[in-house]
Protein chains: 2
Amino acid sequence: MTGQLANTVETAYEYLRDRVVTFRVKPGERLNESEIAATLTMSRAPIREALNRLIADGLVSFEPRRGFFCRRLSISEMAELYAVRYDLESGALRQSLAAADGGAISAFVQKWRFAGAMRPSDDIDAFVTADEAFHLELAALAGNAARLKFLENINNRIRFVRRINLETRDGALDEHHDLLDAVDTRDATAAQQILRNHLDRSAEEVRDQVQQAIARIYADDVA
Amino acid sequence: MTGQLANTVETAYEYLRDRVVTFRVKPGERLNESEIAATLTMSRAPIREALNRLIADGLVSFEPRRGFFCRRLSISEMAELYAVRYDLESGALRQSLAAADGGAISAFVQKWRFAGAMRPSDDIDAFVTADEAFHLELAALAGNAARLKFLENINNRIRFVRRINLETRDGALDEHHDLLDAVDTRDATAAQQILRNHLDRSAEEVRDQVQQAIARIYADDVA
DNA sequence: GCCGACCAACCTGTCGACAATTCTAACGTC
DNA sequence: GACGTTAGAATTGTCGACAGGTTGGTCGGC
């Protein structure tokens, strides 16, 4: 029974990350180590190791002698993460448009120009995934792996709110196409501006979306 | 013996982070859990939890059944982190200069205008600390805690190279003062430009500094 | 009826133990 | 002398156990 071929900590890490990111664990809820260990049929040790990794990811918090807790949905934190996300995506955009290699850029534009028939109302999960992929691939053109890691971390943390944002504002897809046009013509300032309008959230917008998120977390039957 | 009041994992985490950040553990070197546990007079469990946190921090790597390893000094990674650092600090600058609250900005300018008598040759450790503080406080003016967390992570990862950069180029302090002037007059574009010149590293520069860093890590008596 | 003290169950913090695997080095062969 | 093999040592992966703190509820006093 001891000799698991697959990495136990990794299993626990991904399981827990998924539960926390999707808020299947409620915000602020304590994560019972023994319970999780029983669910995954492993001991508490790998669970704790995984939870400590999630601390560094900013996905769970920790209080001594009390345990690990699911992150809370904070309006200010979401706004902050959106601002950081703009910093990073904007920097990637500037870098990749300034760089010489136009082949990758053209390929990116080609790929996404004709891939945008999806509507949020169809399948929201798939739409969120596609949205993340679009932005990540755009950022990836700059060829900076470290930046991508940070962006993936941000994506995990804002995903729940992002989904609601995509549901609410149907224009997201059009903005992607405008962005593609600017990228295609290597118009850096236009691209930056579109990206900024695309990502800038007013305080009220974020507050509304976080409220909707919280409502949805606590009640499955919210419209 | 069991009842340590202080948090054991936290102790291990900070101890290990310090060792890895300062490369007192050599790049690529395996971190022997039992040895560390013996040194800190604790068991392996909290050590492993701390190490897992460092994984998420990007400070150690992990190979199944082989253990945890100190991060390697990668030229490309350093260059990438400097680029991300520019994204974040530049974003913070734009945000804080656009915001209304000038009081905090003035206080910042006042504080650092007259605090710059330090020279790299005096005490390099103190100088690096001061340099980090300057940049962090400048970024903090934007009031975005999430961004600061990311910057602190980057600082930990580039510190060893940053130190050499500060030793090599004596002009860093003058650039800080130019930056202060631009911030004082709320000249966003000038400030961005100065910051960019301040942080932009040529590929050769980074390569040289990483090489110097590696040399210094493996031999204490390098000039 | 309300509040605070006490108690029991639960949970975390940490440890030592053991199985499985990897590393090391001695050994023998070509 | 170089190289593959193989036993032995060292190290990781995981577990169960236990001490000590936390929580929540009950009971008695006011």
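Labels below follow one simple rule: chain letters A, B, ... track the order of the sequence lines, proteins then strands, and each chain is numbered from 1. The analysis underlying the following values was restricted to heavy atoms, covering all of them including side chains, and did not include hydrogens, waters or symmetry mates.
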May I ask you to verify if any side-chain N or O of Arg48(A) is less than 4.0 angstrom from the OP1 or OP2 atom of dT12(C)? no
Considering only dG13(D), dC15(D), dT12(C), which nucleotide approaches the side chain of Ser43(A) most closely? dC15(D)
Taking the side chain of Arg65(B) as its heavy atoms from C-beta onward, which of dT21(C), dT11(D), dC15(D) lies nearest to it? dT21(C)
Please work out if Leu31(B) contacts a base, only the sugar-phosphate, or nothing of the nucleic acid, heavy-atom cut-off 4.0 Å. sugar-phosphate
To the nearest Å, how far apart are Leu40(A) CG and dC15(D) P? 11 Å
Where each residue is assigned the nucleotide of DNA chain D containing its nearest heavy atom, which of Val9(A) and Pro64(A) is assigned the position nearer the 5′ end? Val9(A)
Value in whole Å for how far the C1' atom of dG13(C) lies from CD of Glu49(A): 14 Å
Classify Arg30(B) by what it touches in the nucleic acid, base, sugar-phosphate, or nothing, heavy-atom distance under 4.0 Å. sugar-phosphate
On DNA chain C, compare the nucleotides closest to Ala45(B) and Glu35(A); which residue's is nearer the 5' end? Glu35(A)
Quick one: CZ on Arg53(B) to CG on Leu51(A), what's the gap to the nearest 0.5 Å? 10.5 Å
Do any N or O atoms from the side chain of Asn52(B) and from the backbone of Arg48(B) form a donor-acceptor pair under 3.5 angstrom? yes
Between Phe69(A) (CZ) and dC11(C) (P), how many Å, whole number? 12 Å
For Asn7(B) and dT12(C), what is the distance between atoms CG and C1' respectively, to the nearest whole Å? 11 Å
Using a heavy-atom cut-off of 4.0 Å across all strands, would you classify Phe62(B) as base, sugar-phosphate, or nothing? sugar-phosphate
Please tell me if Arg66(B) has a side-chain N or O lying less than 4.0 Å from either OP1 or OP2 of dG13(D). no
How are the rings of Phe68(A) and Phe62(A) set relative to one another: parallel (under 30°), tilted (30 to 60°) or perpendicular (over 60°)? tilted
Taking atom P of dT12(D) as reference, at what distance in whole Å does atom CG of Asn52(B) sit? 13 Å
Could you tell me how far apart Met42(A) (CE) and dG13(D) (P) are, to the nearest whole angstrom? 14 Å
Under 4.0 Å between a side-chain N/O of Asn32(A) and OP1 or OP2 of dC11(C), yes or no? yes
Hey, what do you get for OH (Tyr86(B)) to CG (Leu93(B)), rounding to the nearest 0.5 Å? 8.5 Å
Just how far, in rounded Å, is C1' of dG13(D) from CD of Glu33(B)? 9 Å
Between Phe134(B) and Phe108(B), how do the two ring planes meet: parallel, tilted or perpendicular, split at 30° and 60°? tilted
Nucleotide dC11(C), atom C1' - distance to CG of Leu51(A) in whole Å: 14 Å
